[in-house]
2 protein chains.
Amino acid sequence: MSEPGNGRREVTVSDVAAAAKVSKATAARALGDYGAVSDAVRDRVQRAAEELGYRPNALARTMSTGRSHTLGIVVGDIENPFFAQATRGAADVAVAAGFDLILSNSDEEAAAEAKAIGVQLAKRVDGLLVAPASSIDPTNLRPVVESGRPLVLFDRAVPELEVDTVIAANRTGARRLTRLLLDAGHRRIAFISTIAHDGDYRLGDTLASTSVAERVDGFTATLAEAGVPNADRYVHLNARRDGVEVLVQRILGSAEPATAIIASDSLVALAAFRAARRLGVSIPDELSLVAFDDADWTELTTPGVTVMAQPIHEIGAEAARLLIRRIGGDGAPPVTKVLDQHLVERGSIAPPGRP
Amino acid sequence: MSEPGNGRREVTVSDVAAAAKVSKATAARALGDYGAVSDAVRDRVQRAAEELGYRPNALARTMSTGRSHTLGIVVGDIENPFFAQATRGAADVAVAAGFDLILSNSDEEAAAEAKAIGVQLAKRVDGLLVAPASSIDPTNLRPVVESGRPLVLFDRAVPELEVDTVIAANRTGARRLTRLLLDAGHRRIAFISTIAHDGDYRLGDTLASTSVAERVDGFTATLAEAGVPNADRYVHLNARRDGVEVLVQRILGSAEPATAIIASDSLVALAAFRAARRLGVSIPDELSLVAFDDADWTELTTPGVTVMAQPIHEIGAEAARLLIRRIGGDGAPPVTKVLDQHLVERGSIAPPGRP
DNA sequence: AAACGAATTGAGACCGGTCTCACTCTACGA
DNA sequence: TCGTAGAGTGAGACCGGTCTCAATTCGTTT
């Protein structure tokens with residue numbers, strides 16, 4: 001504390017070598033624990049290192065070995081509980097395997113994502129974990145496959161790109177949720193997602209996220225099977241997070257108001273719940289609500305929210321596992337892991353009895 | 001896609017230089033945009049770089065310049081919304097200033113924290129953002145100040161260490177919350193935190209987190225001022241996150257049950273709310289509940305939870321700003337920024353009328 | 001036209017590790 | 001007793017940038 005020590009040059013292998021009176025090569029061997037060194041010398045070197053406060057420079061090591069023991073992860077927004085959990089899952093697997101994580105937020109924007117990926121590549125990460133902002137346009141991801149570095153996508157796939165991918169069984173989950181509402185007697189069900197989309201959704205439109213696309217597919221297909229015409233007009237995209245409230249208001253105030261809402265993620269569910277509360281419409285009596293993701297608060301509301309839970313932690317973890325395997329040299333053809341979702345029934349569904 | 005390009009050696013400045021028929025030094029100047037280069041040559045080099053698909057190696061650059069343009073951040077757990085928000089705040093400031101972030105979770109454990117810090121230092125981050133697992137023991141942080149790298153603490157201070165720190169006005173916030181309950185007529189108020197502590201809390205004990213310590217201080221002091229004896233026996237620490245329920249049960253089932261709870265963070269509040277729900281005790285009629293942090297769900301429950309909101313995003317952002325200023329060479333004496341909390345009143349407080 | 005200064009360029013050291021290769025020294029088998 | 005395998009060590013190249021310094025080119029000034 002008395003001498004801040006700023007500006008003091010870092011201690012290097014050469015310094016240690018000099019102190020231990022051996023060559024740089026030998027010191028490096030003793031410290032790096034590779035090659036052959038006599039016990040006596042190893043001791044001497046390690047003592048010297050200890051004394052001088054030697055701290056290895058991981059960058060220099062990366063320069064010569066080519067391995068950085070670092071993974072990059074690009075998420076939409078770390079504040080989104082989904083990404084926070086997935087990141088944690090990935091981080092746990094990573095540190096267990098001796099890797100650490102460089103984190104970037106893309107805000108689901110192509111430009112920010114491209115920049116983030118560029119930085120990660122420049123930092124020579126050993127591999128990249130990405131929840132791609134666009135499932136349609138692989139431009140941002142091209143540089144990483146061109147760099148030869150392994151890439152694993154999670155939460156969303158990019159059909160044009162043949163790379164390892166970890167996703168959830170969204171279509172099945174959506175069918176299940178939709179069926180649940182249908183069975184309760186609902187016919188006018190709104191599906192809400194914040195995903196960006198040009199204009200109103202029409203059946204067959206391609207969406208920027210395969211996971212939302214699958215949910216929409218499952219939703220509209222199940223509706224169609226139940227004989228509900230024009231299922232696509234119940235799909236509401238582009239919901240800005242702070243705009244869900246007006247959207248819900250519009251949905252409920254229309255000529256043929258929806259009697260149930262499927263929220264595509266927990267943030268939308270939260271906004272929808274809040275909207276219903278503010279508008280004075282009672283859940284589930286006047287409006288049924290179901291959502292994807294078992295956010296912690298969903299059991300706290302009155303009523304609790306019935307949700308399709310995703311193994312979010314595991315999505316991140318599995319993605320990291322896959323990536324680390326690739327880094328280890330696994331050359332098998334790319335795989336797509338599809339993880340199951342499961343239903344958690346609470347009290348937010350009731351028959352659509354209008355008061 | 002037809003040629004995977006794996007194993008292809010990275011394109012370097014030398015390659016570009018050769019292609020552009022200039023020296024390595026000149027090519028580097030043209031690419032790195034430093035030094036003087038004629039327009040003609042610059043063009044030629046940049047075209048060559050483009051053609052070859054040159055991507056700078058940030059590590060090599062760091063090796064010679066000594067700057068990594070990377071900040072390290074060590075949080076308790078990125079899944080904790082508090083840390084997620086603070087991290088986002090820091091990340092935003094960081095990228096705006098041209099830095100990126102290496103993220104580590106300490107799980108509030110000394111060993112994991114030490115390791116994380118070690119890795120970050122090895123990676124030669126330009127500076128470190130840490131929410132220290134222990135405010136008492138500066139051991140883990142010593143290496144970073146010894147390395148001469150700037151360090152900024154957030155959420156908690158470490159009194160023994162004179163470094164920049166960003167915290168919230170926790171004592172004031174706690175007083176305010178306590179007074180609110182007192183004014184409603186409560187006298188037996190439980191304060192619950194998950195923070196680790198040896199044995200039961202006694203007035204004057206030092207806590208591992210200054211932020212919790214300040215809250216406890218504010219709490220007990222306010223209680224004492226109101227003439228409540230033995231305020232310290234209402235302080236419950238060591239609450240394992242999944243153990244809050246039994247704790248609440250014990251608190252409510254004792255001879256002199258608490259009539260109100262102050263949750264030290266939103267996760268505890270969540271658990272407490274859930275516990276009350278499961279135990280069938282009604283909030284606020286049978287139990288008042290207030291908490292720190294304005295988690296998004298707190299306005300969704302019935303009733304909403306009255307909370308002391310912290311500017312979490314700003315805590316992270318300000319910490320990053322401070323850090324970047326230090327990295328820029330600011331040698332002013334260390335500062336401690338104290339950010340204000342503000343009360344958000346909802347409906348979770350009522351007089352302690354036992355039914 | 002000679003001299004001078006600024007702009008441009010090239011050669012090569014350097015950052016801090018790893019790793020190859022050659023050399024020395026010892027122990028063991030033929 | 002000699003040859004040789006193998007352990008232990010040192011010298012120096014290398015990774016891919018930056019940067020210093022000297023050399024060259026050019027335009028001006030007098």
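Hydrogens, waters and symmetry mates are skipped; everything else that's a heavy atom, side chains included, is used. In what follows, chains are A, B, ... by sequence order, proteins preceding strands, each numbered from 1.
- Nucleotides of DNA chain C nearest to A:L59 and B:R42 differ in position, and the one nearer the 5' end is that of B:R42.
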**Request:** Would you check, one step at a time, whether the test side-chain hydrogen bond (donor to acceptor under 3.5 Å, both in side chains) holds for A:T70 with A:K123?
**Result:** CA-CA 9 Å; A:T70 304; A:K123 291 247 157 83; over 6 Å; no
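- Just one residue in the list A:T62, A:D126, A:D100 forms a side-chain hydrogen bond (donor to acceptor under 3.5 Å, both in side chains) with A:S68, and that residue is A:D126.
- The aromatic rings of A:H69 and A:F99 sit tilted relative to each other, their planes meeting at an angle between 30° and 60°.
- Rounded to an integer number of Å, the gap from B:N57 CG to D:dG16 C1' is 6 Å.
- Close to C:dT20, at under 4.0 Å from its OP1 or OP2, lies no side-chain N or O of A:Y34.
- Atom CG in A:L31 sits about 12 Å away from atom C1' in C:dG16, given to the nearest Å.
- Following rounding to the nearest Å, B:Y54 (OH) and D:dG16 (C1') show an atom-to-atom distance of 8 Å.
- Map A:R44 and B:A28 each onto its nearest nucleotide of DNA chain D; the residue landing nearer the 5' end is A:R44.
- Mapping B:A60 and B:A25 onto DNA chain D by nearest heavy atom places B:A60 closer to the 5' end of the strand.
- Close to C:dG10, at under 4.0 Å from its OP1 or OP2, lies a side-chain N or O of B:T26.
- Atom-to-atom, CZ of A:R67 to P of D:dC15 comes out at 17 Å; the value is rounded to the nearest Å.
- In this structure a side-chain-to-backbone donor-acceptor pair under 3.5 Å is present from A:R326 to A:A332.
- Two residues, B:K21 and B:M63, neighbour DNA chain C, and the one matched to the more 5' nucleotide by heavy-atom proximity is B:K21.
- Remark: P of C:dC15 and CD of A:E10 are 13 Å apart, rounded to the nearest angstrom.
- Across C:dT18, D:dG17, C:dG10, the shortest atom-to-atom separation from the side chain of B:R29 is found for C:dG10.
- A close approach under 4.0 Å does occur between a side-chain nitrogen or oxygen of A:S38 and OP1 or OP2 of D:dT9.
- Judged by distance alone with a 3.5 Å cut-off, a donor-acceptor contact links the side chain of A:K24 to the base of C:dG17.
- Distances shown here put a side-chain N or O of B:S23 below 4.0 Å from the OP1 or OP2 atom of C:dG10.
- Atom CD of B:E79 is separated from atom CG of B:D107 by 9.5 Å, given to the nearest 0.5 angstrom.
- Atom pair B:K123:NZ and C:dC15:P shows a separation of 23 Å (rounding to whole Å applied).
- One interatomic measurement links the two molecules: CG of A:D33 to C1' of C:dC19, which rounds to 16 Å at whole-angstrom precision.
- One finds no side-chain N or O of B:T12 lying less than 4.0 angstrom from the OP1 or OP2 phosphate oxygen of D:dC15.
- Here D:dT9 presents its P atom at 12 Å from CG of A:D43, a figure rounded to the nearest Å.
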